[in-house]
Amino acid sequence: MRIRATAAPLFTPRTVKRAQAQARRKALAEAQRHARKVAEDARSAQRPAPEDQDDLAGSGALFPPGGRPGVASARGGKLKLPAHRVTTAVAAGAYPFLAEGGLGAQGLLIGQDVHAEAAFCFDPFELYGRLAGFTNPNLLLAGVIGMGKSALAKSIALRATCFGYRVYVPCDPKGEWSSVTLQLGGSVIALGPGLPGRLNPLDAPPRPAGVSVAAWAGEVRKRRLLLLSSLTRTVLGRPLTPMEHTALDVALDAAVNWAAGQHTVPLLPHVARILNHPDVLTKISGEVAGRLGDAVFDVAHALRRLVSGDLAGMFDAPSTTAFDPRVPVLSIDLSRLNGTGDDTALVLAMTCASAWMEAALSDPSGGRRFVVYDEAWRVMRHQGLLERMQAQWKLSRGLGIANLLVIHRLSDLLSAGDAGSRSRALAEGLLSDCSTRIIYRQEHDQLAATGALLGLTGVEMRAVADLPRGRGLWKIADRSFIAHHQLHPAELAMFDTDARLTETA
Ligand SMILES: Nc1ncnc2c1ncn2[C@@H]1O[C@H](COP(=O)(O)OP(=O)(O)OP(=O)(O)O)[C@@H](O)[C@H]1O
Ligand SMILES: [Mg+2]
């Protein structure tokens with residue numbers, strides 16, 4: 001018997017397939033719902049209370065895996081992209097011109113790369129030769145008052161000592177490096193009226209291995225002459241005449257010869273004494289210089305300031321401290337000279353102190369060293385000091401020294417002199433010899449000048465205007481990063497410069 005089918009079969013291969021697809025879709029939707037709920041729960045667990053949200057943006061804390069909360073996520077409105085995480089290498093390819101691939105993990109941990117949310121490490125010695133366009137290890141750090149410039153410099157110093165690097169601070173006008181230096185096992189030399197510390201800026205550094213006695217004697221003489229002319233020019237406030245240069249030259253040689261005969265070290269008072277006796281000077285210089293003695297009254301009076309004027313008792317006697325190249329940190333506390341309202345004293349002291357320190361730094365086997373010029377904006381207008389700094393900057397690569405110049409604004413460099421002047425050219429030269437420029441917040445009226453000097457993009461200029469404390473735009477060769485400097489609580493306690501303000505509040 002044949003049975004005729006009157007209705008379509010319940011389970012055909014087609015209906016089975018359709019049912020299976022439906023079940024798969026349902027399961028997928030269910031799984032997605034579940035995943036969303038888990039992610040939302042995790043987000044709400046990590047989301048800060050509304051009152052803390054500003055703090056999150058400013059503190060450099062890591063954002064939750066779901067991304068930045070609130071409007072800052074940029075996922076409101078029409079943009080419905082899901083939050084996701086990728087490695088910085090992938091992000092650099094996926095978002096060209098937005099996300100940086102980073103500098104790698106070598107060197108000192110500074111904090112967090114704000115855009116990549118990765119650790120931000122930096123070491124000028126490691127980058128030299130590895131990063132294209134990174135031609136020197138020098139750094140410039142600029143930012144308005146209280147943004148954390150000194151804290152960053154001190155952190156670099158502290159962390160650098162862990163790598164065996166040494167740190168020198170030739171001028172600490174606020175005395176804020178002293179406690180850090182001592183806590184790191186370094187030595188502090190405090191100079192000022194009434195203090196026992198003395199530095200002889202005419203000290204000859206030990207002769208480096210491989211340099212002949214004659215060549216070294218010539219080098220030491222050159223350094224001493226440069227120092228004497230810097231000092232006199234700073235006091236006189238004008239360049240020296242050729243006769244004055246010759247007078248310093250002749251007086252220095254005479255003082256050195258006299259000291260050698262007495263088996264003692266040459267001192268500034270020896271040079272000043274010869275300059276103060278025109279007849280002696282003329283006699284020594286002979287027919288070559290003519291009546292040299294008559295032409296040097298100004299120079300003699302300028303040096304007198306260091307020997308018997310307001311700076312007497314600091315640089316006019318043999319050094320009370322020998323430069324110990326083994327100490328991890330050495331700082332020269334000039335805070336006693338601060339607050340006189342006249343930066344000339346500070347500049348003279350810094351010139352002598354840095355001459356003394358540079359002499360010791362000239363040993364190329366001295367290892368990797370940082371030289372920190374904190375509060376350098378105060379001395380940028382003094383050509384003699386700029387010339388010394390320029391010489392140090394030029395030597396930095398050969399000697400393994402990274403100079404760190406801390407100023408408030410880029411226009412501090414422009415105020416070194418009129419356009420076209422030598423001082424201005426020197427200051428601009430310092431900037432161009434810094435492959436690393438760290439820009440902390442700048443005042444709005446400074447943005448255009450900053451942008452023009454550093455070649456910042458519009459986005460970078462806007463970022464610089466709103467940076468919170470501790471956060472800076474790092475321009476390293478032709479790479480840019482916004483990095484947040486993270487301080488360990490112990491560092492925060494060690495570096496706190498707000499304490500005095502809070503105490504009196
Ligand atoms: N990254 C940071 N995180 C938290 N606190 C910081 C950070 N950087 C600096 N501070 C705190 O900010 C205060 C001011 O810092 P600092 O003295 O370094 O500023 P500055 O830019 O050097 O100021 P000035 O221009 O007056 O020398 C300090 O008490 C320091 O502890
Ligand atoms: Mg400071």
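Just so you know, these numbers come straight off a predicted model, no measurement behind them. We count ligands from 1, going down the list as the structure has it; atoms in each ligand are counted the same way.
- Environment of CD in Glu443: sparse, with no more than 12 heavy atoms of neighbouring residues, nucleotides or ligands closer than 6.0 Å.
- For Glu176, no nitrogen or oxygen atom sits less than 3.5 Å from a nitrogen or oxygen atom of ligand 1, counting backbone and side chain alike.
- Counting the atoms of ligand 1 from 1 in the order shown, those under 4.0 Å from a heavy atom of His408 are 25 (O).
- Within the 4.0 Å heavy-atom cutoff, Lys154 does not count among the residues contacting ligand 1.
- The distance from atom CG of Leu306 to atom CZ of Phe315, rounded to the nearest 0.5 Å, is 7.5 Å.
- No N or O atom of His484 sits closer than 3.5 Å to an N or O atom of ligand 1.
- Residue contact annotation: Arg471 has no non-hydrogen atom under 4.0 Å from ligand 1.
- For the side chain to side chain contact (heavy atoms under 4.5 Å, CB included) test with Gln442, the passing option among His408, Arg409, Met147 is Arg409; the others fail.
- Using a cut-off of 4.0 Å between Lys/Arg side-chain N and Asp/Glu carboxylate O, Glu428 and Arg424 are scored as salt-bridged.
- Ion pairing between a basic and an acidic side chain is recognised when a charged N comes within 4.0 Å of a carboxylate O; Glu491 and Arg159 show such pairing.
- For the pair Gly146 and ligand 1, a heavy-atom separation below 4.0 Å is found.
- Taking every non-hydrogen atom of Ala151 and a distance limit under 4.0 Å, the qualifying atoms of ligand 1 come out as 8 (N), 9 (C), 18 (O).
- At under 3.5 Å, not a single nitrogen or oxygen of Gln486, backbone or side chain, sits near a nitrogen or oxygen of ligand 1.
- Put simply, the side chain of Arg437 gets close to the backbone of Leu431: a donor and an acceptor are under 3.5 Å apart.
- Salt-bridge check for Asp433 with Lys394: passed, with a basic side-chain N closer than 4.0 Å to an acidic carboxylate O.
- The distance criterion of under 3.5 Å between nitrogen or oxygen atoms is not met by Gly470 with respect to ligand 1.
- Taking every heavy atom of Ser150 and a limit of under 4.0 angstrom, the matching atoms of ligand 1 come to 18 (O), 20 (P), 22 (O), 27 (O).
- Close contacts of ligand 1 with Ile145, meaning ligand atoms under 4.0 Å from a residue heavy atom, involve 25 (O), 26 (O).
- Counting the atoms of ligand 1 from 1 in the order shown, those under 4.0 Å from a heavy atom of Glu375 are 27 (O).
- Panel note: side chain Thr181, backbone Gly186; no donor-acceptor pair is recorded below 3.5 Å.
- Atom CZ of Arg368 has more than 12 heavy atoms from other residues, nucleotides or ligands within 6.0 Å.
- At least one N or O atom of Met147, backbone or side chain, sits closer than 3.5 Å to an N or O atom of ligand 1.
- Nearest-heavy-atom check against atom 12 (O) of ligand 1 across Arg469, Lys149, Lys174 picks out Arg469.
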